[in-house]
Amino acid sequence: QMGVPIVRSIRGTGSFEGADAMWLDEKTVIVGCGFRTNDEGANQLAATLAEMGVDLIRIDMSVGAMHLMGMLRIVANDLAIAWPKRFVHRGANALKDRGYELAWLPDLSEVEQRKAFKIVTLAPRKVMMPANCPIIQGFLEDHGVSCVCVDVDELAKAAGAIGCLTGVVHRAD
């Protein structure tokens, strides 16, 4: 009804979580295999993307990471923010090879306690993020990212935040 076609459904023993995949550019998707996406799901995704002329870069996710969005956020076509000790070398190298600056979260207390990394990119270098996270907000602003802060304390009680409620429906050129 929204005009978004269903190109393929993962089937059989495959599993795939949309939050485990991110577009790095028009021809490259990175996918994390771990808790919610398994190798078979990634294989099916890779086959579908290959039919579209898109390459898939597969990375393993660290134990404890629910999905790729919990380790990596792309906030502009040349800037990505990553969780140190969770985001892996293969992923970091893939981003750097495509011209991304990779900035590592400076302090994990707000990330773990206030869900400060569960952000949503609204536009290049503009994000919506949980309020009351001055360290992460300052870090983002130091990287030229403007922040729209909202109170999500009730969502955080359920281990979620803004990013958990969203999905990409349309990307402008």
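Note that the structure is a prediction, hence the values are computed from the model and not measured. All values below come from the heavy atoms of this structure, side chains included, with hydrogens, waters and symmetry mates left out.
Expressed to the nearest 0.5 Å, how far OG1 of T28 lies from CG of L56 amounts to 9.5 Å. Taken to the nearest 0.5 Å, the CD atom of E101 stands 11.5 Å off from the CG atom of L95. Atom SG of C33 and atom CG of N38 lie 7.5 Å apart (nearest 0.5 Å). In this structure, the separation between CD1 on I136 and NZ on K115 is 13.0 Å, given to the nearest 0.5 Å. One finds the CG atom of L140 at 8.5 Å from the CZ atom of F117 (value rounded to the nearest 0.5 Å). Residue N132 holds its CG atom at 8.5 Å from SG of C149, rounded to the nearest 0.5 Å.
Two residues are said to be in side-chain contact when any heavy atoms from C-beta on lie closer than 4.5 Å; V111 and W83 meet this criterion. You'll find the side chain of I81 stays beyond 4.5 Å of the side chain of L72, heavy atoms only. No side-chain heavy atom of R58 sits under 4.5 Å from any side-chain heavy atom of I30. V31 places none of its side-chain heavy atoms less than 4.5 Å from the side chain of I59. Within the 4.5 Å cutoff, no side-chain heavy atoms of M129 are placed close to those of V148. You'll find the side chain of E40 stays beyond 4.5 Å of the side chain of I10, heavy atoms only. In this structure, the side chains of L108 and P84 come closer than 4.5 Å at one or more pairs of heavy atoms. Residues D151 and P130 fail the side-chain proximity criterion, which asks for heavy atoms closer than 4.5 Å.
Applying the side-chain hydrogen bond (donor to acceptor under 3.5 Å, both in side chains) test to every pair with at least one member in residues 84-93, sequence neighbours left out, gives no pairs at all. Identified under the side-chain hydrogen bond (donor to acceptor under 3.5 Å, both in side chains) test for residues 133-150, with sequence neighbours left out: Q137-E141.
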Verdict with reasoning, M69 to M22, per side-chain contact (heavy atoms from CB on, under 4.5 Å): CA-CA 8 Å; M69 283 178 60; M22 290 186 194; 3.7 Å; yes
Walk me through whether Y100 and I74 qualify under side-chain contact (heavy atoms from CB on, under 4.5 Å). CA-CA 9 Å; Y100 281 87; I74 296 175; 3.8 Å; yes
Applying side-chain contact (heavy atoms from CB on, under 4.5 Å), run through V145 and L79 and close with a yes or a no. CA-CA 10 Å; V145 177; L79 177 61; 3.8 Å; yes
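Ion pairing of D78 with R125 is present here, as a side-chain N (NZ or NE/NH1/NH2) and a carboxylate O approach within less than 4.0 Å.
The closest donor-acceptor contact from the side chain of R36 to the backbone of H67 lies at 3.5 Å or more, if one exists at all. Of the possible polar contacts, none joining the R98 side chain to the L24 backbone as a donor-acceptor pair under 3.5 Å is found. Listed for the E110 side chain is a donor-acceptor partner under 3.5 Å among the backbone atoms of I135. At distances below 3.5 Å, not a single donor-acceptor pair connects side-chain atoms of S15 with backbone N or O atoms of G41. Not one N or O on the side chain of T121 forms a donor-acceptor pair closer than 3.5 Å with the backbone of K126.
Under a 4.5 Å side-chain heavy-atom cut-off, the cluster of Ile, Leu, Val, Met, Phe, Trp and Tyr residues that includes V63 has no other member. Within the hydrophobic cluster formed by Ile, Leu, Val, Met, Phe, Trp and Tyr side chains joined at under 4.5 Å, directly or through other members, F35 is accompanied by M66.
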Report all side-chain donor-acceptor pairs from residues 47-55 shorter than 3.5 Å, counting only partners two or more places apart or in another chain.
residue: T48; atom: OG1; partner: R8; partner atom: NH1; Å: 3.1
residue: T48; atom: OG1; partner: Q44; partner atom: O; Å: 3.2

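Contact between L68 and G32 at its shortest, heavy atoms only, is CD2-N, 4.2 Å. Residues A131 and R114 approach most closely at O-NH2, 3.3 Å, considering heavy atoms.
Aromatic ring orientation, W104 versus F87: tilted (interplanar angle from 30° to 60°).
Residues passing the salt bridge (charged side-chain N to carboxylate O under 4.0 Å, His left out) test with D107, sequence neighbours excluded: none.
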